[in-house]
S.K.: 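Please read through the structure below; I'll follow up with questions.
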4 protein chains.
Amino acid sequence: MKKDSRRSGDKHRRIIQAAVKVFAKNGFYNSKVSEIARAAKVADGTIYLYFQNKDDILIRLFEEEMAAILQKMTEEINRASEPAEKLKRFALAHLKLVEENQELAEIIQVEVRQSSKFMKEYDNPQFQEYLNLISGIIREGQAQGVFRPEIEPGVFKRAFFGALDEMSRYWVLSLARKYSITRAAEEISGFFLDGVLSPPKAPAE
Amino acid sequence: MKKDSRRSGDKHRRIIQAAVKVFAKNGFYNSKVSEIARAAKVADGTIYLYFQNKDDILIRLFEEEMAAILQKMTEEINRASEPAEKLKRFALAHLKLVEENQELAEIIQVEVRQSSKFMKEYDNPQFQEYLNLISGIIREGQAQGVFRPEIEPGVFKRAFFGALDEMSRYWVLSLARKYSITRAAEEISGFFLDGVLSPPKAPAE
Amino acid sequence: MKKDSRRSGDKHRRIIQAAVKVFAKNGFYNSKVSEIARAAKVADGTIYLYFQNKDDILIRLFEEEMAAILQKMTEEINRASEPAEKLKRFALAHLKLVEENQELAEIIQVEVRQSSKFMKEYDNPQFQEYLNLISGIIREGQAQGVFRPEIEPGVFKRAFFGALDEMSRYWVLSLARKYSITRAAEEISGFFLDGVLSPPKAPAE
Amino acid sequence: MKKDSRRSGDKHRRIIQAAVKVFAKNGFYNSKVSEIARAAKVADGTIYLYFQNKDDILIRLFEEEMAAILQKMTEEINRASEPAEKLKRFALAHLKLVEENQELAEIIQVEVRQSSKFMKEYDNPQFQEYLNLISGIIREGQAQGVFRPEIEPGVFKRAFFGALDEMSRYWVLSLARKYSITRAAEEISGFFLDGVLSPPKAPAE
DNA sequence: GATGAATGAGGGTTCATTCAT
DNA sequence: AATGAATGAACCCTCATTCAT
């Protein structure tokens with residue numbers, strides 16, 4: 001009767017979005033399929049027209065959202081040309097993404113990681129690609145001679161991502177926001193670019 | 001005093017240790033209390049003489065194991081006197097701890113983090129103390145003038161921990177071990193101490 | 001008149017025939033309406049234009065197929081004039097019908113019988129008529145003096161039918177076919193006509 | 001508190017007996033596990049301590065009850081020494097068993113047969129043994145020369161059983177009881193022993 | 001008439017927790 | 001204290017049926 005009451009065609013999307021909210025609030029295992037259905041304003045059974053089972057909701061949610069994120073991040077770092085600048089942009093963009101999509105961030109950080117164990121294999125291609133944006137920047141910088149050649153890109157990408165991730169977890173899970181995002185992004189990029197050691201005193205004249 | 005007192009203390013430990021194995025294998029939500037009981041060789045009901053409920057097993061497990069880790073790590077970094085050296089030791093010791101206690105590491109990384117949401121509040125005093133070992137080193141270094149004064153210890157501790165954590169997750173969840181732990185620890189400490197930028201050319205002349 | 005009228009009549013039949021296949025394969029309760037729809041190449045909803053509900057498909061299937069069988073069997077036994085011969089023909093024709101319509105036979109034997117309990121009352125008029133073909137033969141034979149007058153036709157019809165039915169169930173459900181149908185039909189008629197006792201020795205002169 | 005309220009030790013039996021009632025009333029597929037639990041006065045979950053699943057209840061019910069029946073019937077026919085007498089006793093005992101265990105009989109006739117298709121293979125060893133009691137009598141009679149040698153025991157057993165079974169189904173499913181059981185047993189044995197044909201007139205001297 | 005997406009009640013099964021012994 | 005049989009609430013998923021198109 002109402003134009004969009006049934007047969008809307010956007011059910012898949014609505015279910016995913018409802019799942020983001022519900023999983024973020026309760027965690028995957030404490031979320032009920034019927035709660036997702038209610039949040040998406042569809043019947044319980046409708047969920048199973050679009051997803052194979054509860055696990056599948058989480059997997060598809062992750063894949064679809066991650067694809068969008070990957071896309072955005074790729075564009076973002078390509079706005080810069082300098083590798084060091086790219087790294088800074090990555091850090092800032094990552095923290096902003098987390099801030100703008102807190103529920104999603106929480107799910108990816110916690111739920112997907114949790115179940116990645118059951119998907120057996122930490123490497124999720126999308127997630128690997130995301131990390132590889134970082135190692136790509138490193139290799140580019142090494143080729144240009146601006147990054148030390150002995151840096152191992154495969155170690156760096158994890159360290160850099162881990163630093164950002166832990167920082168953002170702090171934001172996502174706590175409500176307090178002592179540090180500004182911009183400031184934190186600069187600071188973290190700073191650690192990795194310049195290190196924390198005080199610069200050697202300029203040798204006396 | 002006699003046989004019984006020994007066994008009682010024994011059971012608490014046995015249950016915790018069984019839980020470590022079981023939670024690591026299946027994840028918290030896919031683990032059954034009866035499976036822990038079986039692994040600990042006690043009756044299902046016995047578990048409830050020592051723990052309030054299933055959640056309580058995870059919490060106590062975390063707290064007790066974390067206390068031991070905290071203890072070890074404090075000793076470890078105090079073997080060095082230089083702040084930079086302490087940071088290196090922290091990195092190496094952390095990765096070694098993970099390697100030597102993979103099951104526990106997996107639980108702390110994944111399960112505790114998962115349910116930390118329900119404990120509602122990311123700050124778990126033990127975990128905070130662990131992070132504060134890092135910020136303590138920074139403050140000490142800043143006082144001595146070896147670390148830049150503008151470094152925010154509260155940001156640094158998360159970044160440094162996150163870098164190590166992500167690296168170790170890679171080890172725990174994958175079986176591959178491309179990088180040696182010692183090497184990785186050095187490399188990560190290196191990022192944070194020296195940064196990745198190539199040193200400026202010494203000015204000619 | 002044109003295309004439509006042909007198709008309509010067609011659908012009812014197609015659904016019944018699809019149901020025969022599906023019910024025979026999975027049993028009534030394990031068959032899904034949607035599977036019947038798929039097999040009949042109609043939409044799920046279309047089934048409800050022709051049948052009230054799933055039960056109704058089974059009932060109508062049974063009634064329609066049974067009417068055809070009744071018709072055939074009546075013709076078949078009337079080809080003989082002797083009651084004993086009619087009984088033999090009934091046996092042979094019954095087993096042949098089962099052989100030629102195995103799926104249908106399986107449904108009638110198993111599913112209809114199952115749900116006959118819910119139709120509450122074993123007497124289904126069509127089925128009663130089928131049995132009454134047998135008692136009719138007996139009465140005819142008794143009138144002619146070829147069958148013993150003390151035979152109770154109402155008992156005989158069930159015994160004779162039951163014997164054939166059990167024999168054919170063996171064929172339908174097993175794949176093995178040790179005995180030829182013709183042979184079995186003769187043998188069973190033989191039991192009922194002559195009994196199994198060895199004929200008394202002709203009294204010595 | 002009450003002596004038999006919990007831990008009775010007869011739960012397995014109580015569940016089987018409850019299942020007999022419930023399956024007989026509603027049929028297997030329309031019976032709810034919770035209804036069986038209620039009838040057995042146990043919790044739903046308790047059923048799963050004794051049975052693997054709903055199917056398993058039916059299978060075990062059948063196997064256990066059938067074993068008892070087999071036992072009784074073997075004793076019964078061994079009370080006679082003459083093969084013809086054994087056959088008569090089988091018929092009478094079978095009909096009496098059905099009468100005394102109507103609910104069980106209904107389940108065996110309808111539900112087990114129904115699902116025998118899914119247990120895939122009509123031969124259930126217990127049921128085969130039951131049938132083989134009949135063929136055993138035939139072979140014994142043939143050895144003694146009282147039954148015709150050309151009778152095929154494998155056909156006879158099914159025919160005889162089928163006749164009794166169909167007769168008893170009539171009793172079980174209808175409430176009417178036109179014929180006495182004793183009378184019907186005699187009559188059916190009579191069909192198979194003597195046939196229905198009128199004896200030839202004694203040839204006039 | 002025909003379609004098939006949507007519905008939502010229903011039920012088998014699991015498993016944390018209890019409690020009589 | 002220790003046991004483990006028993007409990008029963010909870011939940012995922014199925015599928016007969018409906019109804020807007």
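The figures that follow rest on heavy atoms only: side chains count, while hydrogens, waters and symmetry mates do not. Every chain is numbered from 1, with letters handed out A, B, ... down the list of sequences.
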S.K.: Is there side-chain contact between D:Glu64 and D:Arg13, with at least one heavy-atom pair below 4.5 Å?
M.R.: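 Result yes, sub-4.5 Å side-chain heavy-atom pair found.
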S.K.: Between B:Lys32 and E:dT14, does any side-chain N or O lie under 4.0 Å from OP1 or OP2?
M.R.: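 So the side-chain polar atoms of B:Lys32 never come under 4.0 Å of the phosphate oxygens OP1 or OP2 of E:dT14.
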S.K.: Write down the distance between NE2 (A:His12) and C1' (E:dA6), rounded to a whole number of angstrom.
M.R.: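 One finds 17 Å between C1' of E:dA6 and NE2 of A:His12, rounded.
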S.K.: Take A:Gly45 and C:Gln52, find for each the nucleotide of DNA chain F with the closest heavy atom, and name the residue whose nucleotide sits nearer the 5' end.
M.R.: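 Taking each residue's closest nucleotide, the earlier one in sequence belongs to A:Gly45.
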S.K.: Considering every strand shown, what is the Watson-Crick or G-U wobble mate of F:dA6 when both distances are under 3.5 Å?
M.R.: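 Partner of F:dA6: E:dT17.
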S.K.: Quick one: do A:Lys21 and A:Glu106 make a salt bridge, cutoff under 4.0 Å?
M.R.: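 Here A:Lys21 does not pair with A:Glu106 in a salt bridge, since their nearest N and O are not under 4.0 Å apart.
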S.K.: Quick one: D:Asp55 CG to E:dG11 C1', roughly how many Å, whole number?
M.R.: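 Spelled out: CG on D:Asp55 to C1' on E:dG11 is 14 Å.
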S.K.: On DNA chain E, does the nearest nucleotide to D:Ser34 precede the nearest nucleotide to B:Ser31 from the 5' side, or the other way round? Give the residue.
M.R.: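 Looking at the nearest nucleotide for each, D:Ser34 comes out on the 5' side.
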S.K.: According to the Watson-Crick and G-U wobble definitions, with both distances under 3.5 Å, which nucleotide is paired to F:dA1?
M.R.: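 Answer to the pairing question: none, since F:dA1 forms no Watson-Crick or G-U pair.
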S.K.: Look at A:Thr46 and E:dT7 and indicate whether a side-chain polar atom (N or O) is within less than 4.0 Å of OP1 or OP2.
M.R.: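 Yes, because at least one side-chain N or O of A:Thr46 sits under 4.0 Å from OP1 or OP2 of E:dT7.
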S.K.: Please examine the side chains of A:Phe23 and A:Ile36, heavy atoms only from C-beta on, and report whether any two atoms are closer than 4.5 Å.
M.R.: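 In short, these two side chains touch, coming nearer than 4.5 Å.
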S.K.: Salt bridge between D:Lys25 and D:Glu35, side-chain N to carboxylate O under 4.0 Å?
M.R.: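 Yes.
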S.K.: Using whole Å, what does the distance between atom P of nucleotide F:dC19 and atom CG of C:Leu49 come to?
M.R.: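 That distance rounds to 13 Å.
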S.K.: Here's a test of your reading of the structure: between B:Ile47 and A:Asn53, which maps to the more 5' nucleotide of DNA chain F?
M.R.: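 By nearest-heavy-atom nucleotide position, the 5'-most residue is B:Ile47.
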S.K.: In the structure shown, which nucleotide is the Watson-Crick or G-U wobble counterpart of E:dG12, with both distances under 3.5 Å?
M.R.: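 Across any shown strand, E:dG12 pairs with F:dC11.
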S.K.: Quick one: label A:Tyr50 by what it contacts on the DNA or RNA (base, sugar-phosphate, nothing), any heavy atom closer than 4.0 Å.
M.R.: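 Sugar-phosphate contact only - A:Tyr50 comes under 4.0 Å of backbone atoms but never of a base.
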S.K.: Where the side chain of C:Asp44 is concerned, which of F:dT7, F:dG4, E:dG4 is the nearest nucleotide?
M.R.: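 Closest of the options to the side chain of C:Asp44: E:dG4.
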S.K.: Counting only heavy atoms not in D:Glu63 (residues, nucleotides, ligands), do more than 12 fall under 6.0 Å from its CD?
M.R.: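 Enclosed.
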S.K.: Can you tell me how far C1' of E:dA5 sits from OH of C:Tyr48, to the nearest Å?
M.R.: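 The distance from OH of C:Tyr48 to C1' of E:dA5 comes to 15 Å, rounded to the nearest Å.
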S.K.: In whole Å, I'd like the distance from the CZ atom of C:Phe28 to the P atom of F:dC15.
M.R.: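 From C:Phe28 CZ to F:dC15 P: 13 Å.
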S.K.: Report the distance from atom CG of D:Leu58 to atom C1' of E:dG12, rounded to the nearest whole Å.
M.R.: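 Taking CG of D:Leu58 and C1' of E:dG12, I get 15 Å after rounding.
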S.K.: In whole angstrom, what separates C:Phe51's CZ from F:dT17's P?
M.R.: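 My rounded result for the distance is 13 Å.
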S.K.: Grab the CG-C1' distance between A:Asn30 and F:dC12 for me, whole Å please.
M.R.: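 Interatomic distance, CG of A:Asn30 to C1' of F:dC12: 15 Å.
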S.K.: For F:dC11, does OP1 or OP2 lie under 4.0 Å from any side-chain N or O of A:Lys54?
M.R.: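 Negative; the distance criterion is not met.
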